[in-house]
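Letters go in sequence order (proteins before strands), and every chain restarts at 1.
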Number of protein chains: 2
Amino acid sequence: MAKKTTIYDLAKKLGVSPATVSRSLNEHPSISIKTKERVLKAAKETGYRINKFASNLSLQKSNTIGVIVPRLNSDFMSTVLSGIEKMVNEAGYNLIISQSLELEAKEKINAKTLFESGVDALLVSLANETEDYDHFTTFTERKIPLLFFDRVFDMPNCPTIIIDNQLAGLEATEHLINQGCQNILHVSGNLKRSVYNLRYKGYRRALEKHGLKGCENLVQISNFKPESVQSVIQYISTSSAPIDGLFVSNDSFAVYCIKALTKKGYRIPEDIKVIGFNNDPVSEVINPELSTIEYPGYKMGVLAGQSILGHLGGSIDIESADQIIIKHKLIIRESSQKCN
Amino acid sequence: MAKKTTIYDLAKKLGVSPATVSRSLNEHPSISIKTKERVLKAAKETGYRINKFASNLSLQKSNTIGVIVPRLNSDFMSTVLSGIEKMVNEAGYNLIISQSLELEAKEKINAKTLFESGVDALLVSLANETEDYDHFTTFTERKIPLLFFDRVFDMPNCPTIIIDNQLAGLEATEHLINQGCQNILHVSGNLKRSVYNLRYKGYRRALEKHGLKGCENLVQISNFKPESVQSVIQYISTSSAPIDGLFVSNDSFAVYCIKALTKKGYRIPEDIKVIGFNNDPVSEVINPELSTIEYPGYKMGVLAGQSILGHLGGSIDIESADQIIIKHKLIIRESSQKCN
DNA sequence: AAATTTTACGTAATCGGTTGCATAAACAAT
DNA sequence: ATTGTTTATGCAACCGATTACGTAAAATTT
C-alpha cells in the first residue's frame with residue numbers, strides 16, 4: 001500500500017511552505033521557475049496526487065456535472081450521453097449519471113443526491129411521470145446551472161435543448177397525408193411530456209390543415225414497451241374506419257408495430273403507411289425500412305455540454321436562459337411510400 | 001440565493017456543539033433522543049444539506065464508483081450500465097461514467113481523473129487498443145477495488161465478470177457446422193481483447209473438432225463500423241472456396257452484413273448462414289431474424305454492481321478475486337436455418 | 001546610497017464535517 | 001454518603017488544499 005503524499009509532505013521534503021507547493025502545482029504566477037520545477041520534480045518522484053476532496057472543499061466546486069435521464073439503455077439517450085460526456089470531459093469535467101427509470105420519486109432522490117454530491121451543474125431529461133418540479137428549485141436557488149434536454153420543462157433561467165417537436169409532428173403527419181392516408185392513428189407517449197404533447201399537437205394541426213378533422217381522436221397513449229403493441233394492433237383491427245396511416249412517436253415501438261402488423265397480414269406500406277420518430281438504427285434494419293424523423297442525439301448531447309460549460313465558465317450570463325432548437329429532418333423510406 | 005446552513009449554524013442556533021449536531025445527523029448512539037430530534041427539526045427548518053466535500057475529506061471516501069467503458073452508445077454497454085447504476089444507486093453510491101472511445105490514451109486519462117476524484121471503486125471494460133495496464137496499478141496499490149467486466153484483463157486480486165466466450169464461440173460455430181456449413185468465415189474484433197480472442201479460439205476448436213481444419217484461416221478482423229462491411233463482402237465475393245457460413249462477433253455488424261449480402265444477391269440462409277453475437281434488439285428486427293448468442297447485459301451489470309458493493313462493504317475479502325462467469329445461450333433463428 | 005517597486009515566499013485562516021478523548025451530570029451500587 | 005458507572009455532550013485536532021495578507025530580499029529608480 002503506497003502511502004499517499006500531500007502537499008505538506010512535499011513542503012517538508014523541499015523545505016518550503018505548503019502554500020508554495022500548492023502555488024507551484026497550480027501555475028501561480030508569483031513562483032520562481034526554479035522552485036516550481038523542484039516541486040514538480042518532487043511531486044513526480046513521490047507520485048503525488050491532488051486530493052480532490054480537500055480541493056473541492058476549499059474551492060467549493062467539484063468539476064463534476066450531474067445528469068438525470070429516464071433510462072440509460074435507449075439508443076437515443078446513450079447517444080446523447082455520449083455527446084455530453086465527450087464535451088464536458090474535454091473541458092475537465094466528470095459526469096455523474098443517474099437514471100430515474102421514469103419514476104418521479106427516483107428523480108427526486110437522484111436530484112437530492114446529486115445536489116449533495118456538489119455537482120457544479122445539472123442536466124436533466126424528465127421522467128414520464130414527473131409533475132412536480134420542486135426538487136429542482138434547490139439548484140436554481142443556489143444558482144447552480146440547470147439545463148433540460150429532450151424532455152424539458154420551462155423553468156425560469158434554465159436553458160433547454162429540444163427540437164421543434166410540433167413542427168416535426170406536423171411534417172410527419174403531413175407526409176402521411178400526402179402519401180394518401182385519410183385515417184391516421186397516432187401512437188404517443190405520456191402527454192404530460194412536452195415532447196409527446198407537441199408532436200401530438202403537430203399531428204392535429206396537420207389534420208386540420210388538410211381538412212381531416214374526422215380522425216382527430218385517433219390517439220393511443222403507450223408506454224412503448226414491446227408488450228403494449230397488442231393494444232395498438234387490437235385498436236387497428238377493430239377500428240370501424242380502417243386505419244391507413246400510423247404515426248408512432250418512437251422508432252423502436254414503430255418497429256414492433258410493423259412486425260406485429262405484418263404478422264397479422266397487413267401489408268406495409270400498401271395497407272398501412274408507417275412513420276416513426278428518432279431515426280434509431282433499427283429504422284434502417286426493419287423491412288420495409290422505416291420512415292422517420294431524424295433526431296440528432298449526439299448533436300444534442302454536444303450542444304447540451306457546450307451550453308452548460310458556457311454557463312459554468314461564465315461566458316454565458318446565467319440569467320439569460322437560452323432555448324436551443326436543433327434542426328430535425330423528415331426521412332422518407334419505404335414504410336410510407338405511396339403505392340400505385 | 002439561499003444561504004447555506006452548516007452544522008456550525010445549527011450548533012449556534014441550538015446552543016450545542018457542532019460535534020453534537022454531526023452525531024445527531026449520523027445516528028450516533030450516544031446522543032439523547034431529545035437532542036437528536038431538536039437537531040433534526042432545526043435541520044429540516046433551515047434546509048440544511050450536508051457538504052459532501054467536507055464529509056468526503058474527513059471520511060476519506062466519496063460514495064462514488066467510477067466506470068470506464070469503450071463507449072456509452074451501444075445497446076449492450078448501456079444495458080450493462082443500466083444494471084450497474086441500479087444496483088449501486090440503491091446502495092447509496094453514485095456512478096461516474098466515462099468513455100475511452102476505444103483509445104488507450106483516453107482510458108489512461110480517465111483512470112487518472114477518476115482516481116483523483118476519489119472514487120471508492122472502479123469498474124472497467126477495456127478499450128480495444130489497450131495493451132498496457134499501468135494506469136490501473138494506482139488503484140490496486142491503494143487497495144481500491146477494481147473490477148473488469150466484458151472486456152477483461154487478468155490482474156491480481158481483480159474480480160472479472162464475463163461469459164464463457166470460448167464455449168460460446170464454439171457453440172456458435174458448431175451450430176453452423178451442424179446446419180451444413182463447410183466454409184465458415186469468422187468476423188472478429190481486435191484479437192488483443194480476450195472476448196474476441198476466445199470466441200475465435202472457440203471457432204477454431206469447433207472446426208478442429210469437426211475436421212474442418214481447411215478453413216482455419218478464414219478470419220477477418222473488423223472494427224465493426226458500418227463502413228467496413230464492404231471489406232467483408234469483398235472477401236466473401238472473391239473467396240475461391242465459396243463461403244457458406246458467417247460467424248460475426250457482433251450483432252449490429254452481422255446485421256449490416258446481412259443487408260449488404262442480400263443487396264448483392266446472396267440469399268440468407270440459403271447461400272450463407274449467419275450467426276451473430278450479443279442478442280441485440282436488432283437481431284429480431286432484421287429479416288431473416290438473426291441467430292445469435294444471448295449475452296445478458298443487464299445481468300452482467302447487476303452482478304458487477306453487487307460484486308463491487310460486496311468488496312466495498314467488506315463482506316467479500318478483497319484478496320479473493322472472484323471470477324464470475326455468466327451463462328450465455330445459443331439462440332437459433334432464421335438466419336442459420338438448414339434449408340432442404 | 002537611499003527610496004521605491006517587484007519578486008518570491010511564508011503565515012495562518014478557511015472550507016465543513018468527523019471523532020478520540022475528556023468531562024460533567026445523572027444514576028446505580030455499596 | 002461515598003464511590004463507581006453510564007450517559008450525553010463539548011473540546012480540539014484532523015482531513016488536505018487554497019489564498020488573503022504580510023514581509024524579507026532582490027531589483028529598479030532617483
Side-chain angles (χ1 to χ4, degrees), chain A residues 2-40 42-43 46-64 92 113 115-120 142 144, chain B residues 2-40 42-43 46-64 92 113 115-120 142 144:
Chain A
K3 63 284 158 205
K4 55 170 122 182
T5 325
T6 71
I7 56 169
Y8 296 91
D9 300 327
L10 290 179
K12 194 172 297 175
K13 181 170 175 174
L14 297 171
V16 297
S17 77
T20 300
V21 175
S22 173
R23 292 192 180 104
S24 300
L25 260 18
N26 291 298
E27 308 283 334
H28 189 98
S30 71
I31 290 288
S32 72
I33 301 181
K34 257 174 296 181
T35 312
K36 187 189 296 178
E37 281 173 353
R38 282 180 65 216
V39 172
L40 260 34
T46 58
Y48 167 81
R49 301 273 188 147
I50 191 173
N51 182 322
K52 286 280 180 191
F53 300 154
S55 176
N56 290 344
L57 175 57
S58 189
L59 296 173
Q60 302 290 340
K61 86 187 282 283
S62 64
N63 267 286
T64 286
T113 313
F115 178 83
E116 286 175 351
S117 304
V119 294
D120 296 336
R142 296 276 170 80
I144 297 172
Chain B
K3 63 283 157 207
K4 54 171 123 183
T5 323
T6 70
I7 55 169
Y8 295 92
D9 299 327
L10 290 179
K12 193 171 298 175
K13 180 171 178 172
L14 296 171
V16 298
S17 77
T20 301
V21 175
S22 173
R23 291 191 180 104
S24 301
L25 262 16
N26 291 299
E27 307 284 333
H28 191 98
S30 69
I31 290 286
S32 73
I33 300 181
K34 256 175 297 180
T35 311
K36 189 190 294 180
E37 281 173 353
R38 283 181 63 218
V39 172
L40 258 34
T46 58
Y48 168 81
R49 303 271 188 146
I50 191 174
N51 182 323
K52 285 280 179 191
F53 299 154
S55 175
N56 291 344
L57 175 58
S58 189
L59 297 172
Q60 301 291 339
K61 86 188 280 286
S62 64
N63 268 284
T64 286
T113 312
F115 178 83
E116 287 176 351
S117 304
V119 293
D120 295 336
R142 296 275 171 81
I144 297 172

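Nucleic acid contact class of A:Tyr8 (heavy atoms, under 4.0 Å, all strands): base. B:Val21 comes within 4.0 angstrom of no nucleic acid atom, judged by non-hydrogen atoms across all strands. No engagement by A:Gly118 is indicated, since no non-hydrogen atom pair under 4.0 Å with the nucleic acid exists. Note on B:Ile7: a base of the nucleic acid sits closer than 4.0 angstrom, heavy atoms only. Using a 4.0 Å heavy-atom distance criterion, A:Ser30 is classed as a base contact.
B:Leu57 has its CG atom 9 Å from the C1' atom of D:dC14, to the nearest Å. In this entry the distance linking NZ of A:Lys36 with C1' of C:dC9 reads 14 Å, nearest Å. One can place CG of A:Leu10 at 15 Å from P of C:dC9, the figure rounded to the nearest angstrom. Rounded to whole Å, the distance from NE2 on B:His28 to C1' on D:dT6 is 14 Å. We find that CD1 of A:Ile50 is positioned 9 Å from C1' of D:dG16, with the value rounded to whole Å. The nearest whole Å value for the distance from the CZ atom in A:Arg49 to the C1' atom in D:dC15 is 20 Å. With rounding to whole Å, B:Lys52 atom NZ is found 13 Å from C:dG16 atom C1'. Here D:dG16 presents its C1' atom at 13 Å from CG of A:Asn26, a figure rounded to the nearest Å.
The CD1 atom of B:Ile33 sits 11.5 Å away from atom OG of B:Ser24, with the distance rounded to the nearest 0.5 Å. Remark: B:Tyr8 OH to B:Ser17 OG distance equals 9.5 Å, nearest 0.5 Å. With rounding to the nearest 0.5 Å, the separation of CD1 in A:Ile31 from CG in A:Asn26 is 10.0 Å.
Across all their heavy atoms, B:Ile144 and B:Val119 have their closest contact at CG2-O, 3.9 Å.
If you check C:dG17, D:dT18, D:dG10 against the side chain of B:Val16, the one that comes closest is D:dG10. Residue B:Ala19 has its side chain nearest to D:dG10 when only D:dG10, D:dT19, C:dG16 are considered. Distance from the side chain of B:Asn51 is smallest for C:dG17 among the nucleotides C:dT19, C:dG17, D:dC15. Side chain of A:Thr35, nearest nucleotide from C:dG16, C:dT18, C:dA8: C:dA8. Residue B:Thr20 has its side chain nearest to D:dT9 when only D:dG16, D:dT18, D:dT9 are considered.
OP1 and OP2 of D:dT7 both lie 4.0 Å or more from every side-chain N or O belonging to B:Ser32. One finds a side-chain N or O of B:Ser22 lying less than 4.0 angstrom from the OP1 or OP2 phosphate oxygen of C:dT18. Of the side-chain N and O atoms in A:Thr6, none sit less than 4.0 angstrom from OP1 or OP2 of D:dC15. One finds no side-chain N or O of B:Ser58 lying less than 4.0 angstrom from the OP1 or OP2 phosphate oxygen of C:dG17. Not one side-chain nitrogen or oxygen of A:Asn56 sits closer than 4.0 Å to the OP1 or OP2 atom of D:dA17. A close approach under 4.0 Å does occur between a side-chain nitrogen or oxygen of A:Tyr48 and OP1 or OP2 of D:dA17. Between D:dA17 and A:Ser55, no contact under 4.0 Å exists linking OP1 or OP2 to a side-chain N or O.
Residues A:His28 and A:Lys36 have side chains not in contact (no heavy-atom distance under 4.5 Å, counting atoms from C-beta outward).
Closest-nucleotide positions on DNA chain D for B:Gly15 and A:Leu25 were compared, and the one nearer the 5' end corresponds to B:Gly15.
The environment of B:Lys61 atom NZ is dense: over 12 non-hydrogen atoms of other residues, nucleotides or ligands sit within 6.0 angstrom.
In this model, no donor atom of one side chain and acceptor atom of the other lie less than 3.5 Å apart for B:Ser58 and B:Ser55.
Contact annotation: side chain of B:Arg23 to base of C:dG20, donor-acceptor pair present below 3.5 Å.
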